[in-house]
Amino acid sequence: MRQGARLRLVLRDLASGCAFASMAVSGQLPLWTLGLYAVGLVSALAGKRLFARRAKLTALLLLGVAAVLVVNVTAGTLNLVVAACAFAGLISAHRLLSAPDPATDGQVHLSGLLMVAGGAALSGELVYGFFLIAFGVLASLSLALGVVEASVPDGEPLPVRAVMPPLSVGVGFAVAGAMAFFILFPRLNWNMTGPRAAPGLGPATTGFSNTVRLGGTGTIKGNPRVVLRATLNPDPGVDALGAYWVGRTYDIFDGQEWTSAGGVKRMREPLLTLRPGGDNLVHQRVELLPAYGGQTLIALETPSRLGNAVANSTTGSRRAPLQEMYGGEARFAEPGLSYSYEAYSLPPGGSGDSFRRLPSVEQDALLALPEALDPRVSQTAARILNGEREPLAAAQKLATWLQREFTYTLELSGDHEDPLADFLFERKAGHCEHFATALTLMLRTQGIRARLATGFFGGERVNDAYILRAGDAHAWTHVLVPERGFVTVDATPPAHRPSQGSKWVQQVLALYEALESRWRNSVVDYSFRDQVDVARALVRPPKGSEKAEQRRLPPPRAWGAALVAGLVVYVAWRAVTRLAGRPRPLDATRFVDKVEAVLASAELSRRAEETLEELDARLAREHHPLTRALSPVTRRYLEARFGGRPLRQGEAKQLLRTLEDAVAQHTRLTARASRAS
């Protein structure tokens, strides 16, 4: 392999790797395709072209791979777009392991383009954008080095150091041009067939189960993964949202676990109305991300209506029916990787529920106590309340006592037969589930109806939306207040309600979330309508201008934009003109290659380390008949290569024709002399 070619191949292979990674980050490619491609890429980077001698034979392996993918698609376990992306990656891996030649290089780059297009169909998220740019830069450099390599005669080293700076500048212009193309070229929403859900890296980290177990052993770690993203209308406009996002409630406690009375209340409804609403409902457009991992809908407390739900899976996106469970829980009827839906919630302060409208099984459960409840729980509650019987006032009094007398901790000391008694009378430290359970049961011992609610607390603003992390999971108490319904009372100390994750990890993830949100808004969801809005913004009169309607000329910013665009076009035109007018030594190199080919037909060739000028001088000393034809060709080559006088259009062809005629005449004379002798 000639000097410098190795760098081109490494750049080509890395570009292919970035293209494949742009699909792999979606998390939807089959694991076995990831493994096969990884083996191919590592082998290629190590210089091992395993299929170099058996390219056609090993191509039969792709037929087997295609058959497996077709079976998966027809069985409904794999999306067609995902299967096509996986196959494109394996084709690229096969080409990486084949002998490098111009045809193979072109196939590797073509498969790379297909893979980045597939990555856009599978996810199009921020990480995909990184790999897309990396692929563009690496593939462009590899292609440019390939052009240089084709222009340099065999045996001469590639001028890698000399060409890399101008190539880098050229790639920079290419990236800028691609951005301008992206902004200005009419956008088409072709990405409609690919699955929109991407499970990403790592399993889901949260979700709701049918039970909540109190206590345990170990340490609860704060998890910074984002599980929910929501936009609110009206927008509260604050950076930190101190809100309760409810998922489900529990009303039966057996001393160890919380469960719910009843089962499914309504099956497969497109829209659920949980309670009457009003004109002041808070609208939410919610996305449950793959890290959520549950089927329970989350909404601001207290939800009134939920609907327009879409479930996203690896096989595509579809409308999702909803189920209403007893206890006010709304659940997706079918599993998915992620979900999106709309919700309307009542303003904070009450649920609008009526005790009489609750099923009898739920009414009875609101006062139920475990059979082996420690009598000290009731005695302590009575002592704290001191005769207070109004439900909300009693709940707030007990919550204040719990916050003052108990410590918040995520360290769990171990399993206990009676975790509530251990929390209240022994350890006197626990997390939100301990505080909420204590408050709920202490109220019930005094004849006040209450239940446990779970969901999330908080909301961190990122651009125009609010996000919730897995570490924001929370538990609190619903107290049934006459004429108001269920009212939220939180016994957990306020400082420990938000996420407990590492601050620097949250900051890093917040930066990533901000970039990802910008990417989503400015790139992924950038549409033809956005382009029209940009154009209109340039010519729209400034707000507040009293004479706006009377103006007929565009505002100054439109003239400024036109001036900038004109300058850019002028600078580009000047650059292209200068580039076209520069001497092209590579043209002279190709010219001398053709001269050597013509001389070879007369059995004249250069010796080792002999230049064309030295060959011409040697032939002159030997009084060779071709000297008269070769000398002007040699002189013109030297002027074009080193004298700054490039060959004019058609000049090289004329010189070669003259030389060919001389060679032909010399050949005829030589043959005639040979026959005469």
Side-chain angles (χ1 to χ4, degrees), residues 1-9 99-106 143-164 166-167 579-677:
M1 183 179 296
R2 63 195 301 182
Q3 183 180 357
R6 173 65 178 162
L7 174 62
R8 176 181 60 80
L9 290 177
D101 55 43
T104 302
D105 293 348
L143 286 170
L145 285 176
V147 173
V148 174
E149 184 179 345
S151 303
V152 176
D154 293 337
E156 293 188 14
L158 297 179
V160 176
R161 292 186 178 181
V163 300
M164 284 305 290
L167 288 183
L579 183 63
R582 289 176 57 185
R584 299 181 178 179
L586 296 180
D587 287 347
T589 303
R590 286 194 288 269
F591 172 68
V592 80
D593 290 343
K594 295 178 181 178
V595 169
E596 289 184 347
V598 173
L599 294 176
S601 63
E603 299 182 352
L604 286 176
S605 58
R606 289 189 294 173
R607 297 170 180 170
E609 307 298 332
E610 187 180 41
T611 64
L612 181 63
E613 185 181 11
E614 292 169 345
L615 172 63
D616 183 36
R618 178 165 60 85
L619 294 180
R621 289 194 300 272
E622 296 173 355
H623 303 289
H624 198 281
L626 289 178
T627 302
R628 295 183 58 186
L630 181 59
S631 294
V633 172
T634 304
R635 183 177 63 254
R636 197 65 190 90
Y637 160 71
L638 294 175
E639 292 174 348
R641 180 70 186 271
F642 306 106
R645 291 186 57 208
L647 294 168
R648 297 185 301 275
Q649 186 174 6
E651 185 181 8
K653 186 178 295 185
Q654 182 180 357
L655 291 171
L656 286 172
R657 188 180 302 117
T658 302
L659 183 61
E660 289 171 350
D661 292 343
V663 169
Q665 184 179 3
H666 171 70
T667 303
R668 287 195 297 272
L669 292 175
T670 303
R672 189 178 304 169
S674 177
R675 288 195 296 272
S677 61

Would you give the length of the straight line joining atom [atom1] of [X] to atom [atom2] of [Y], rounded to the nearest 0.5 angstrom?
X      : Y      : atom1 : atom2 : answer
Leu615 : His624 : CG    : NE2   : 9.0 Å
Asp105 : Leu143 : CG    : CG    : 8.5 Å
Leu626 : Leu630 : CG    : CG    : 7.5 Å
Glu651 : Leu656 : CD    : CG    : 10.5 Å
His666 : Leu599 : NE2   : CG    : 10.0 Å

Okay, side chain of [X], backbone of [Y]: is any donor-acceptor separation there less than 3.5 Å?
X      : Y      : answer
Ser631 : Arg628 : no
Thr667 : Val663 : yes
Thr627 : His623 : no
Thr104 : Ala99  : yes

Inset, instruction - Determine whether Tyr637 and Leu612 make a side-chain contact, defined as any pair of heavy atoms from C-beta on separated by less than 4.5 Å. - result: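 Side-chain contact under 4.5 Å: yes.
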Does [X] [atom1] have over 12 foreign heavy atoms under 6.0 Å away?
X      : atom1 : result
Glu622 : CD    : yes
Glu610 : CD    : yes
Gln665 : CD    : no

Inset, instruction - With sequence neighbours left out, write down each residue that passes side chain to side chain contact (heavy atoms under 4.5 Å, CB included) with Glu639, or none if nothing qualifies. - result: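 Side chain to side chain contact (heavy atoms under 4.5 Å, CB included) check on Glu639 returns Arg635, Arg636, Arg645.
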Inset, instruction - Taking all non-hydrogen atoms of both residues into account, name the closest pair between Arg8 and Leu145 and its distance. - result: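 Reported closest heavy-atom pair: CD-C, 3.9 Å.
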Inset, instruction - Start with the C-alpha gap between Lys594 and Val598, add the side-chain angles, then the distance that decides, and say whether side-chain contact (heavy atoms from CB on, under 4.5 Å) holds. - result: CA-CA 6 Å; Lys594 295 178 181 178; Val598 173; 5.6 Å; no
